[in-house]
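Notes follow once the structure below has been shown.
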Amino acid sequence: MLYRETGQFKTSYAADQAIFPIFQDRIFLFALIAFAYLAVPLLASEYMLQAVLIPMMIFSIAALGLNILTGYAGQLSLGTGAFMAMGAYSAYKLTTGFPELNIIVVFVLSGVAAALVGIVFGLPSLRIKGFYLAVATLAAQFFLVWMFNRVPWWYNYHSSGTITAPPREFAGIMLTGPTATAETRYLLVLSFCIVGGLIAKNLVRSRIGRHWMAIRDMDIAAEIIGIRLLPNKLLAFAISSFYCGVAGALLLFSYLGSAETEAFDIFVSFDVLFMIIIGGLGSILGAYLGAAFIWLLPIFLTNAPQLVGLSMPVDLQKHLEVMIFGSLIIVFLIFEPAGLARLWQIGKEKLRRWPFPY
Amino acid sequence: MEFLESVTITPFVQIAADFPVFFGEVVFNGLLTGVLYSLVALGFVLIFKASGVFNFAQGAMVLFAALTLVGLIELGLPVWLGFIITVGAMVALAYLVELLVLRHLINQPDIILFMSTIGLTFFLEGFGETLWGSNVKKLDIGVPDVPLDIAGMLVNSFDLIAALACALLVAGLAFFFQYTPTGRALRAVADDHQAALAVGIPLKKIWIIVWSVAGIVALVAGIVWGAKSGVQFSLSLIALKALPVLILGGFTSVPGAIVGGLIIGVGEKIAEVYWGPAVGGAIENWFAYVLALAFLFVRPQGLFGERIIERV
């Protein structure tokens, strides 16, 4: 009834190529963005912003990056945590080395640093694929994390070995550091989240994105029809690592405040991989949905026993949580291996015919 | 080249010549660690060959098996009874995994199966620790642990016995695969699922057997490792160490898993001793991966892996 595309004619090529060709989709999206920018900072509590929304959106940026690499270009990677660490540590080094450098520029540059490292660790993808490649990217994970632990230059020779986000302002507003309010940090992360999504969406609709998908579906065939594997695979690694690097920098500056390498260990890589698989491989929307699901599920599981009035020892609850998380993942994979994005699509199809399905 | 040689080769030759006993001890220690890596990698290879599932839960199975055994012994059961019950538990686990997970994921892409085994990892870790608690437990199976003097080298009798037990297990598995009807059926499934089905081999039963065998291998690895350094959460992390072993040996090769495990075990111990101090130590964590990565550039299919042939 409400969601109909009947009568919406496309009269130009530009209209035909729009990201959201359906009028209702555009309305919904703009409403959502307006809500996120205007209503959420006013309504949400400090806890909601700080512990739920900010990390959720940061991880959705990382999930976007991994989805480009794994979902679109078909290169399985388990090194996400390391690329995020690269972003975080290089942002820290940049902003402590050049304090007057604009913090937004620092974030972008740290993404570039992560991209360069991504290219180096992407080189094996030219020889190997599948699980062999996944294990090869684990080399990045362990090597980089070890390096940030062992080379004191990275954490400015602090005795504790932690890196702390210094206060930085942009246009007179405190964006990072302990004095920045949760609202400003939320808005900063939200902006990165939206811009990142927009760029990713356009990338995968472009020539480059089509190359990636051809490589994902069968790289030999792609090579035969004239797609050069070397630049395209490395580009996928670079762009994916760029996203992960920016996400890592934001994780340090906007969420954690101060961090050690444990914040970027292998389990972060797994979590992000879960996000894109639960969300839907090869779907930009899926990256957001998956990040929301994987981030909210443990929070829900932690709070669920109190809600129903159960009380149990903390460590028992922790173990039960891990157990339920694992089994829910399996159940989800069995019932909807194509992910939340697919459910969303099915819902939209249903809505189109509502209330007169045939 | 000369610089590379002076960094990579000369120190070993020199120290091997100057302190043969010390060198021998490092190599021997490495071999023992390598045997354990081989065991875990063997579990991976068995399942990968028979079902094409990259079973990330192998490490969690090691932890789960060790936790169950320790828990049973703490309840007052004798070691042999505990062992038998744990074997039963691993077989039951294999059955349940087939029934509840694998059966429903037939024909899904590899990555979905892989992720489901990561889910299984979380489940097993949580389940094991819910049942038996998460504090570090001592596993004492009554094997003497006294230092022996072999040709000037100090060797723990426990390590020696453990290595022998592992070697026996591997030999037993090799015999099982080579000469029993079930073993032949397993190899047939590994070669070609459809052809195996066509000659009447029940695929589901084979999967249960393979997962059970992997579970028992995990139990042995868990016992050896747990008796050395206590049964705790970090046991499940040795799965991560088995991955470079797989790359080196090839995902589909049983001898590859064994040889690869030994190479990685010795390599990382030697590297730690000779290069570790120069770069800040603890390079054990990543050395195996970098070694495997360097190796992949030369042979993408691993030492003994089947040659990768691609067709459009």
Side-chain angles (χ1 to χ4, degrees), chain A residues 70 74 76 78 121 123-124 126-147 149-152 218-221 223-224 266 270 273-274 277-278 281 315-335 337-339, chain B residues 48 54 56-57 60 100-101 103-105 108-131 133-135 237 240 243-244 246-247 251 279-283 285-294 296-298 300-302 305 308 310-312:
Chain A
T70 304
L76 186 53
L78 292 173
F121 282 98
L123 281 173
L126 304 169
R127 288 277 288 169
I128 53 179
K129 51 191 79 163
F131 290 123
Y132 283 94
L133 180 65
V135 179
T137 55
L138 276 179
Q141 175 72 43
F142 287 107
F143 177 75
L144 288 176
V145 166
W146 171 86
M147 182 180 76
N149 250 332
R150 296 285 162 167
V151 182
M218 182 174 248
D219 55 354
I220 293 186
E223 208 175 0
I224 289 170
I266 174 113
F270 282 144
L273 193 58
F274 272 136
I277 292 200
I278 297 289
L281 279 173
D315 60 333
L316 177 67
Q317 191 193 338
K318 192 80 206 144
H319 300 149
L320 278 178
E321 227 179 276
V322 174
M323 193 173 131
I324 294 170
F325 182 74
S327 21
L328 280 179
I329 296 280
I330 295 178
V331 168
F332 199 94
L333 289 175
I334 289 173
F335 287 107
Chain B
F48 190 80
F54 187 87
F56 193 80
L100 298 177
V101 183
R103 187 174 290 186
H104 304 282
L105 288 172
Q108 292 294 345
D110 291 346
I111 186 171
I112 299 290
L113 284 159
F114 171 59
M115 292 313 283
S116 73
T117 64
I118 299 185
L120 189 65
T121 307
F122 281 106
F123 176 82
L124 280 180
E125 281 166 3
F127 185 56
E129 297 195 322
T130 307
L131 270 185
S134 56
N135 40 341
L237 296 179
L240 295 173
L243 298 180
L246 288 175
I247 286 201
F251 279 169
V279 288
I283 65 171
N285 281 336
W286 55 265
F287 178 76
Y289 285 96
V290 175
L291 186 69
L293 194 58
L296 277 178
F297 277 104
V298 188
Q301 72 272 36
I308 302 166
E310 284 184 289
R311 296 183 184 87
V312 177

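Sequence lines set the chain letters: A, B, ... in the order given, protein chains first and strands last, and positions in each chain run from 1.
Across every non-hydrogen atom of A:Leu138 and B:Leu243, the tightest pair is CD1-CD1, 3.3 Å. Contact between B:Leu120 and A:Ile330 at its shortest, heavy atoms only, is N-CD1, 3.6 Å. In terms of heavy atoms, B:Phe123 sits closest to A:Ser327 at CD1-OG, 3.8 Å. Scanning both residues, B:Thr130 and A:Met323, for their nearest heavy atoms gives OG1-SD, 4.1 Å.
No option in B:Phe287, B:Tyr289, B:Trp286 other than B:Tyr289 meets the ring pair (Phe, Tyr, Trp, His ring centres under 6.0 Å) test with A:Phe142.
When the candidates A:Ile277, A:Ile266, A:Leu76, A:Leu126 are compared by the number of heavy-atom contacts under 4.5 Å with chain B, A:Ile277 comes out ahead. Counting heavy-atom pairs closer than 4.5 Å to chain B, the top-ranked of the candidates A:Asp219, A:Asn149, A:Leu123, A:Val322 is A:Val322. Across B:Gly119, B:Ala292, B:Ala288, the residue that shares the most heavy-atom pairs under 4.5 angstrom with chain A is B:Gly119.
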Worksheet entry | B:Phe114/A:Leu273 under side-chain contact (heavy atoms from CB on, under 4.5 Å): CA gap, chis, key distance, verdict | CA-CA 11 Å; B:Phe114 171 59; A:Leu273 193 58; 4.2 Å; yes

Discussion item. One pair to check against side-chain contact (heavy atoms from CB on, under 4.5 Å): B:Leu246 and A:Val135. What are the steps and the verdict?
Written reply: CA-CA 9 Å; B:Leu246 288 175; A:Val135 179; over 6 Å; no

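Only the side chain of B:Leu293 comes within contact range of chain A, judged by heavy atoms closer than 4.5 Å. Looking at B:Gln108, only its side chain comes within 4.5 Å of chain A, counting heavy atoms on both sides. For A:Phe274, the parts lying near chain B are the backbone and the side chain together; criterion is any non-hydrogen pair under 4.5 Å. For a residue to count as touching a neighbouring chain, one of its non-hydrogen atoms must lie under 4.5 Å from one of that chain's; by this rule A:Tyr132 touches chain B with backbone and side chain alike. Neither the backbone nor the side chain of B:Leu124 has a heavy atom closer than 4.5 Å to any heavy atom of chain A. Heavy-atom distances place both the backbone and the side chain of B:Ile112 under 4.5 Å from chain A. Contact of A:Ile324 with chain B is not made at all, since no heavy-atom distance falls under 4.5 Å.
Here B:Met115 contributes atom CE and A:Ile278 contributes atom CD1; the two are 7.5 Å apart, rounded to the nearest 0.5 Å. The distance from atom CZ of B:Phe127 to atom CG of A:Leu320, rounded to the nearest 0.5 Å, is 10.5 Å.
Taking the six-membered ring where the residue is Trp, B:Phe56 and A:Phe270 present perpendicular rings, their angle passing 60° and hence far from 30°.
Put simply, the side chain of B:Ile118 does not reach to within 4.5 Å of the side chain of A:Ile329, judged on heavy atoms. Side-chain contact between B:Ile111 and A:Thr70: present, with at least one pair of heavy atoms (C-beta onward) separated by less than 4.5 Å.
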